[in-house]
Amino acid sequence: MSRYYTFSAADAVEYARQFGGVEDPQSLVSAEEVGDGNLNLVFKIRDTAGVSRVIVKQALPYVRCVGESWPLTIDRSRIEAETLIVHAEYCPQHTVKVLHHDPELAVMVQEDLSDHLIWRGELVKGKYYPQAASQLGEYLAQTLFHTSDLYQDAQKKKSEVGRFLNPELCLITEDLFFTDPYIEHERNRFEPALKPEVDALQADMTLRLAVASLKQRFLSNAEALLHGDVHSGSIFVAEGSLKVIDAEFGFYGPIGFDPGSAMGNLLLNYCALPGLVATREAADGREQRLQELRDLWLSFSERFLQLARDKTQDVAFKVPGYAEHFLQQIWHDAVGYCGSELIRRTIGFSQIADLKNIRDDEMRHDCQRHAVSLGQWLIITAPQINDIEALIARIRQNG
Ligand code: SR1
Ligand code: MG
């Protein structure tokens, strides 16, 4: 008999008193449900002075933004907590701290990050955090290198792949990223003005072949323990600080998927900025996004190579030139996954504020068209784009 029940605000307070690790548990008196993601309940637990002290997060047995008609395993809560715990082992400074978790109740208590803000909200307002992209690159390099075959013992890794199988959440990504946008599907969401672009995209067989390869590698390449959903809504930022949250899509997959998803979110904002802020600010903001793209990739790749040089365990993988070769494969994958993030967030089920918030219809459609065409181009030409400067140069040419 499962102990699972859905928490009320009062349950969340009681739970935080027991497991929140605060010195004065009785001072915790109220809970505010603040979950604005697609899947879970999230409570801020406040003390008598109204200060938020810890977060209680619970997985519902269905997709929250749809309802009970889309059931979803609560095991995702275990996967999320265990992924964050592994990632915190290698990059504590950029991973939200899990204070306690209970797989049966699908609940976890996390550190409060009220002194941070969700990066997406800040990007939509045109705000710039100069260190955020490098910090994200550091998080990705540390977590992905240390869980890859370059570092992990091969036997241990096989059992870790089993611990993090996550089939239901992976299926969501397999469908929403690589299938739905390329066929007529009831989950797709786009306005009639975009129908010609969507028809052309779905008829583009070169594109669909390239997407098939991306999907195959997502399904088959268990390279490292990914976060699995690195978008700007899964990241908290503050002056000089960045924390990654929300790892329920964690699994062993192709390393390029994580940096690629992150790059895709920077480029979605790049495409949306002319519709979100004044012309001058949009031009500056776009330059900042391109700089962030560069910072993200350079900090990721430089740290990954340094870790490979210093810490690779396997004798065969230590052969000179192998780490560089592996990194080049990761790069090409990342560019392809970046393109698929642009497309699925623009015409698929899971839309984002950057584009949705553009009030002027024509401007919104233009920005959406830009995101779709940039995504198409990235997916098709990924094997020919050899480095970050070539990518940035082509994005500039693309408008
Ligand atoms: C049904 S879940 C839709 C999306 O929300 C999550 O954050 C993931 O990005 C997923 O694709
Ligand atoms: Mg999420």
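Just so you know, ligand 1 is whichever comes first in the structure, and atom 1 is the first atom listed for that ligand.
Residue-ligand proximity: Gln351 is placed with every non-hydrogen atom at 4.0 Å or more from ligand 1.
The shortest N or O to N or O distance between Trp70 and ligand 1 is not below 3.5 Å.
Ile392 has its side chain within reach of Arg294: a pair of non-hydrogen atoms, C-beta onward, lies under 4.5 Å apart.
Of the charged side-chain nitrogens involved, none lies within less than 4.0 Å of a carboxylate oxygen, so that Lys243 and Asp115 do not count as a salt-bridged pair. Electrostatic pairing of Lys195 and Asp199 counts as a salt bridge here, judged by a charged N lying under 4.0 Å from a carboxylate O.
Other residues, nucleotides and ligands contribute only 12 or fewer heavy atoms inside 6.0 Å of the CD atom of Glu184. In the displayed structure, Asp36 atom CG is contacted under 6.0 Å by at most 12 heavy atoms of other residues, nucleotides or ligands.
What sits closest to atom 10 (C) of ligand 1 on the protein, heavy atoms only, is Phe249 CZ, 3.7 Å. Here the heavy atom of the protein found nearest to atom 5 (O) of ligand 1 is Asn38 ND2, 2.7 Å. Here the heavy atom of the protein found nearest to atom 11 (O) of ligand 1 is Arg344 NH1, 2.7 Å. Atom 7 (O) of ligand 1 has as its closest protein heavy atom Asp229 OD2, 2.7 Å.
Near Arg345, with a cut-off below 4.0 Å to any heavy atom, the atoms of ligand 1 are 9 (O). Those atoms of ligand 1 with a heavy atom of Leu176 less than 4.0 angstrom away are 3 (C), 11 (O). Near His231, meaning under 4.0 Å from any of its heavy atoms, are these atoms of ligand 1: 7 (O).
In the hydrophobic clustering (ILVMFWY side chains linked at under 4.5 Å, chained through shared members), Met108 is joined by Leu84, Ile85, Val96, Val98, Leu113, Ile118, Phe236, Ile245.
The two residues Gln152 and Thr147 make their nearest non-hydrogen contact at NE2-O, 2.9 Å.
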